[in-house]
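Basis for what follows: all heavy atoms, side chains included, without hydrogens, waters or symmetry-related copies. Here is how names work: the chains are called A, B, and so on, in the same order as the sequence lines, proteins then strands, and each is numbered from 1.
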Number of protein chains: 2
Amino acid sequence: MKLSGGVEWALHCCVVLTAAAEPVPAARLAELHGVSGTYLAKQLQSLSRAGLVHSVQGKAGGYVLTRSPEEITVLEVVEAVEGPQSTFVCTEIRQRGPMATPPSACTAPCAIARTMFEADKAWRAALRQVSVADLGRMVGTDYEGDVLGQVGKWLSRPS
Amino acid sequence: MKLSGGVEWALHCCVVLTAAAEPVPAARLAELHGVSGTYLAKQLQSLSRAGLVHSVQGKAGGYVLTRSPEEITVLEVVEAVEGPQSTFVCTEIRQRGPMATPPSACTAPCAIARTMFEADKAWRAALRQVSVADLGRMVGTDYEGDVLGQVGKWLSRPS
DNA sequence: GCCTGGATACTCGGATACCCCATGTCCGAGTTCGCTTGG
DNA sequence: CCAAGCGAACTCGGACATGGGGTATCCGAGTATCCAGGC
């Protein structure tokens with residue numbers, strides 16, 4: 001099980017969008033992070049479909065966060081890119097084979113599925129507790145100088 | 001992100017091995033669950049490499065749990081099949097691009113990686129809290145009749 | 001009846017194809033900005 | 001000088017190739033069992 005690499009990119013983009021006062025094009029975000037612009041665009045489209053960012057077209061267009069960074073959780077970003085489905089999918093193999101459990105007794109998920117779903121729930125809960133604004137504050141305390149502010153200025157400056 | 005389907009199979013196998021008093025061949029486990037025997041063998045090999053089950057060769061050979069079911073956590077089974085590496089891999093994109101953070105300031109993981117690692121930790125903690133024996137007990141209370149005992153008898157009976 | 005030896009049948013283990021999804025890329029539709037032109 | 005119109009450039013959005021890992025399979029190495037034969 002490996003998380004898609006786009007998740008990391010999307011999270012970084014959300015954090016830097018916090019520092020931007022104007023729409024930022026996908027190509028510019030890609031240049032900032034040194035990653036493929038066309039593929040990053042794909043991730044941003046996912047964020048747009050999920051309603052986390054708003055896309056404005058035209059010459060001075062780009063992406064803007066739709067809500068306050070305080071109101072965007074990391075979980076929302078992850079689910080926007082990875083999809084909301086659980087990490088564990090139950091095949092119901094208990095209903096197969098010679099000792100199959102009759103479907104009438106399978107109204108609730110089996111013990112294994114319940115355990116895996118609980119773990120999945122804990123994972124999502126941990127991601128829900130952190131907001132994009134929290135991430136920005138962490139970055140602020142991690143390094144000397146106003147890194148996020150610098151990035152915001154770089155985004156505004158024409159290349 | 002999707003968990004490998006083999007995880008479900010491996011967990012079911014561990015639970016039913018709880019009810020077996022003698023070595024059970026991979027083919028028999030596959031027949032019981034109605035899945036591909038050759039592919040299930042692959043998962044069992046992973047469990048064997050991880051030291052969770054012991055393989056005995058020969059005519060009456062098969063797989064046996066190495067420890068008491070109480071001492072085998074679900075996490076161990078999952079990690080045996082999926083690998084122990086974290087679900088999130090940090091590409092360190094903060095060190096790339098025109099605003100790259102100097103490597104000297106990157107001794108600790110970035111805020112995003114820390115958050116993802118914490119969530120991963122919570123997920124693993126939830127899986128660690130449940131043992132294979134717990135799963136067996138859950139199965140026992142889920143259905144009427146000694147299902148696990150029936151399975152144990154079926155495993156012993158020659159097909 | 002008991003022991004020994006060998007053939008047998010069954011087991012695991014690793015090496016080998018196949019297929020789907022994540023990765024990576026491209027071009028077209030749509031919109032905004034800026035310039036030109038006329039009043 | 002101002003307004004309108006037009007062109008151009010820039011943006012996003014979805015459709016299109018490609019590669020790696022999970023999925024599925026096979027055959028060879030090894031060993032416990034079983035049976036036959038001899039003592």
Side-chain angles (χ1 to χ4, degrees), chain A residues 1-10 13 17 20 22-31 33-64 66 78 80-83 85 87-89 91 93 155 158-159, chain B residues 1-10 13 17 20 22-31 33-64 66 78 80-83 85 87-89 91 93 155 158-159:
Chain A
M1 176 173 69
K2 194 171 69 64
L3 214 48
S4 163
V7 171
E8 184 184 7
W9 297 6
C13 285
L17 280 180
E22 59 208 69
V24 182
R28 193 136 186 85
L29 287 170
E31 185 191 358
H33 293 113
V35 298
S36 159
T38 53
Y39 187 40
L40 180 62
K42 201 178 179 60
Q43 316 301 339
L44 290 170
Q45 283 172 32
S46 296
L47 294 182
S48 178
R49 267 192 291 268
L52 295 179
V53 300
H54 179 65
S55 69
V56 322
Q57 286 200 336
K59 191 163 188 181
Y63 289 99
V64 191
T66 52
V78 172
V81 176
E82 283 291 323
Q85 74 282 3
T87 58
F88 180 79
V89 286
T91 322
I93 65 178
L155 287 176
S159 59
Chain B
M1 176 175 66
K2 194 171 67 68
L3 216 46
S4 163
V7 171
E8 183 185 7
W9 298 8
C13 285
L17 280 180
E22 59 207 68
V24 182
R28 191 134 251 271
L29 286 170
E31 185 191 356
H33 293 113
V35 299
S36 160
T38 52
Y39 186 41
L40 179 63
K42 198 177 180 63
Q43 317 301 338
L44 290 171
Q45 283 172 32
S46 297
L47 294 182
S48 178
R49 267 192 291 268
L52 296 179
V53 300
H54 180 64
S55 69
V56 323
Q57 286 200 337
K59 192 165 188 179
Y63 289 99
V64 191
T66 52
V78 171
V81 176
E82 284 290 324
Q85 73 281 2
T87 58
F88 180 80
V89 285
T91 321
I93 66 179
L155 288 176
S159 60

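Among D:dG14, D:dC12, D:dA15, the nucleotide with an atom closest to any side-chain atom of A:Lys42 is D:dA15. Among the nucleotides D:dT23, C:dT32, C:dT25, the one closest to the side chain of A:Lys59 is C:dT32. Between D:dG14, C:dG13, C:dT23, one nucleotide has an atom nearer to the side chain of B:Gln45 than all others, and that is C:dG13. Taking only side-chain atoms of A:Gln57, from C-beta outward, the nucleotide of C:dC12, C:dG24, C:dG30 with the closest atom is C:dG30. Each of D:dG13, D:dT25, C:dG24 was ranked by its minimum atom distance to the side chain of A:Tyr63; first place goes to D:dG13.
When every heavy atom of A:Ala30 is checked against every heavy atom of A:Leu40, the shortest pair comes out as N-CD2, 3.5 Å. A pairwise comparison of heavy atoms in B:Arg28 and B:Val24 identifies CB-CG1, 4.1 Å as the closest pair. When all heavy atoms are compared, the tightest approach of B:Leu17 to B:Tyr63 is CD2-O, 3.6 Å.
The interatomic distance linking A:Leu44 (CG) with C:dG24 (C1') rounds to 15 Å, in whole Å. In this structure, the CG atom of A:Leu3 is 16 Å from the P atom of D:dG21, given to the nearest Å. What separates CD of A:Gln43 from P of D:dC12 is a distance of 14 Å, to the nearest Å. Across the protein-nucleic acid pair, B:Lys2 atom NZ and C:dA22 atom P stand 9 Å apart, rounded to whole Å. Rounded to whole Å, the distance from CZ on A:Arg28 to P on D:dA9 is 20 Å. Spacing between atom NE2 of B:His54 and atom P of D:dT31 amounts to 12 Å, rounded to whole angstrom units. Between the P atom of D:dG20 and the CE atom of A:Met1 lies a distance of 23 Å, rounded to the nearest Å. Counting to the nearest Å, the P atom of C:dC12 and the CG atom of B:Leu17 are 11 Å from each other.
Between A:Tyr39 and the phosphate of C:dT23, there is a side-chain N or O to OP1/OP2 separation shorter than 4.0 Å. The phosphate of C:dT25 (OP1 or OP2) has a side-chain N or O of A:Ser36 nearer than 4.0 angstrom. The phosphate of C:dT11 (OP1 or OP2) has no side-chain N or O of B:Ser55 nearer than 4.0 angstrom. Listed pair B:Arg49 / C:dG13 fails the phosphate criterion, with no side-chain N or O lying under 4.0 Å from OP1 or OP2.
Counting only heavy atoms from C-beta outward, the side chains of B:Leu44 and B:Val53 never approach each other to under 4.5 Å.
Between A:Ala60 and B:Gly62, the one whose closest nucleotide on DNA chain C sits nearer the 5' end is B:Gly62. Mapped onto DNA chain D by nearest heavy atom, A:Gly61 and A:Thr38 fall at different nucleotides, with A:Gly61 at the one closer to the 5' end.
Backbone-only contact: A:Ala26 has heavy atoms under 4.0 Å from sugar-phosphate atoms and none from a base.
Judged by distance alone, with hydrogens and angles left aside, the side-chain atoms of A:Thr91 form no donor-acceptor pair with the main-chain N or O of A:Ile93 at under 3.5 Å.
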